[in-house]
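Have a look at the structure below before the remarks.
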Amino acid sequence: MKIIGLTGCIGSGKTTVAKILKRLGAQIIEADAVSHQLIQPTHTGPLNAWKKVVKIFGTDILSADNRIDRKKLSEIVFSNPSCLRKLESILHPMIINNIKKQILYFKKQSASFIVIEAPLLIETGLDKIVDKIIVVKTPQDIRLRRVSKKLKITIKDVKEREKHQLTQKQKLKYADFVIDNSGSIKETRKQVEKIVGSIVGGSR
């Protein structure tokens with residue numbers, strides 16, 4: 001069973017590609033979804049990050065229902081590298097631990113192949129546990145507009161967030177396969193199908 005790493009810069013279209021991969025039989029592990037789960041106040045067990053994050057950043061980051069307001073937290077950490085490092089030191093080890101547990105679970109379920117969708121796949125070292133890496137690439141102007149519209153933040157703010165990741169050019173150096181997501185969804189799907197056929201065998 002193959003483990004595939006799926007990554008790309010912010011706004012490149014990783015989620016779109018992940019949805020196509022899921023329809024082709026992949027078990028998807030989303031690093032962002034894991035992160036969101038771990039910071040919920042209702043999440044139990046040793047991997048509850050809520051208390052640790054609130055202890056460092058204070059109750060001002062909490063919404064009325066006691067949940068961490070991700071927009072407020074993002075505004076703090078992406079404007080202060082030291083704060084970002086503190087947050088990552090809490091979350092990254094927990095996220096990686098959770099992902100490894102999910103991989104073991106899916107292996108027991110005899111999944112055909114597993115895809116780890118992670119924006120920081122390479123930056124966090126998750127690239128070491130995958131068999132192949134797919135990098136989704138898209139021109140920067142398209143990515144910036146997508147994220148600005150989705151998160152309702154300025155282009156300048158998007159660029160500030162990008163500074164904390166490897167550039168697209170750097171990510172592409174790690175790629176076993178590259179998907180150009182600047183065209184239509186049909187064109188993207190064709191590329192994904194071809195890659196899946198190459199990795200797991202057979203025609204898709």
Side-chain angles (χ1 to χ4, degrees), residues 1-36 92 95-96 98-100 102-107 109-153 155 158-159 161-204:
M1 180 186 62
K2 297 290 186 180
I3 301 174
I4 301 167
L6 174 64
T7 193
C9 289
I10 184 170
S12 59
K14 296 180 295 296
T15 300
T16 297
V17 173
K19 287 178 180 177
I20 298 171
L21 285 164
K22 186 175 182 177
R23 287 196 290 270
L24 294 172
Q27 293 290 349
I28 308 294
I29 301 174
E30 298 177 58
D32 281 349
V34 172
S35 175
H36 298 168
H92 287 178
I95 293 168
I96 292 168
N98 183 287
I99 287 173
K100 287 180 177 179
Q102 288 194 62
I103 289 172
L104 289 174
Y105 171 79
F106 287 133
K107 281 185 175 180
Q109 301 300 311
S110 300
S112 56
F113 64 110
I114 299 169
V115 173
I116 302 172
E117 180 196 343
L120 301 179
L121 183 89
I122 298 156
E123 293 89 333
T124 58
L126 280 168
D127 59 307
K128 304 296 190 300
I129 67 172
V130 303
D131 298 304
K132 299 290 181 182
I133 295 175
I134 298 173
V135 175
V136 184
K137 74 170 185 176
T138 308
Q140 187 187 41
D141 60 329
I142 295 176
R143 291 190 285 104
L144 293 177
R145 288 199 303 270
R146 282 177 182 171
V147 179
S148 176
K149 183 179 179 181
K150 180 181 178 181
L151 299 182
K152 297 179 181 179
I153 59 177
I155 296 292
V158 181
K159 287 182 177 180
R161 295 189 180 196
E162 271 203 318
K163 289 180 182 177
H164 303 287
Q165 298 184 8
L166 292 176
T167 65
Q168 181 164 274
K169 185 176 180 180
Q170 289 171 323
K171 288 179 186 287
L172 288 170
K173 291 178 181 178
Y174 292 83
D176 294 294
F177 301 95
V178 177
I179 292 174
D180 185 341
N181 192 39
S182 59
S184 67
I185 186 68
K186 184 177 180 180
E187 290 170 332
T188 298
R189 188 182 299 113
K190 284 183 178 179
Q191 293 175 72
V192 177
E193 289 173 348
K194 184 176 181 180
I195 289 170
V196 169
S198 174
I199 293 175
V200 301
S203 58
R204 294 275 179 172

Side chains of [X] and [Y], heavy atoms from C-beta outward: is any pair under 4.5 Å?
| X | Y | result |
| --- | --- | --- |
| Ile4 | Ile116 | no |
| Ile29 | Ile103 | yes |
| Ile179 | Lys137 | no |
| Leu166 | Thr7 | no |
| Arg145 | Ser148 | no |
| Glu162 | Val147 | no |
| Gln140 | Gln168 | no |

Measure the spacing between [atom1] of [X] and [atom2] of [Y] and express it to the nearest 0.5 Å.
| X | Y | atom1 | atom2 | value |
| --- | --- | --- | --- | --- |
| Thr124 | Ile96 | OG1 | CD1 | 4.5 Å |
| Asp131 | Ile114 | CG | CD1 | 9.5 Å |
| Ile3 | Ile199 | CD1 | CD1 | 12.0 Å |
| Lys186 | Gln191 | NZ | CD | 13.5 Å |
| Lys128 | Ile122 | NZ | CD1 | 9.0 Å |
| Lys171 | Leu121 | NZ | CG | 8.0 Å |

Which residues pass the side-chain hydrogen bond (donor to acceptor under 3.5 Å, both in side chains) test with Thr188, sequence neighbours left out? Asn181
What pairs with Thr167 under side-chain hydrogen bond (donor to acceptor under 3.5 Å, both in side chains), at least two apart in sequence or on another chain? Gln170
Please lay out, stage by stage, how Arg146 and Ile10 fare under the test side-chain contact (heavy atoms from CB on, under 4.5 Å). CA-CA 9 Å; Arg146 282 177 182 171; Ile10 184 170; over 6 Å; no
Lys107 vs Met1, side-chain contact (heavy atoms from CB on, under 4.5 Å): CA-CA, chis, key distance, verdict: CA-CA 8 Å; Lys107 281 185 175 180; Met1 180 186 62; 2.8 Å; yes
Show the numbers, then the answer: is there a salt bridge (Lys or Arg N to Asp or Glu O under 4.0 Å) between Lys19 and Glu117? CA-CA 10 Å; Lys19 287 178 180 177; Glu117 180 196 343; over 6 Å; no
Minimal non-hydrogen separation, [X] against [Y], with atom names:
| X | Y | answer |
| --- | --- | --- |
| Thr138 | Ser12 | OG1-O, 2.8 Å |
| Asn98 | Gln102 | OD1-NE2, 2.8 Å |
| Gly25 | Phe113 | C-CE2, 3.9 Å |

Side-chain donor-acceptor pair under 3.5 Å between Gln27 and Gln109, yes or no? no
Between Ile195, Leu172, Ile133, which is the residue that forms a side chain to side chain contact (heavy atoms under 4.5 Å, CB included) with Val178? Leu172
Is it true that a side-chain atom of Lys14 and a backbone atom of Cys9 form a donor plus acceptor pair closer than 3.5 Å? yes
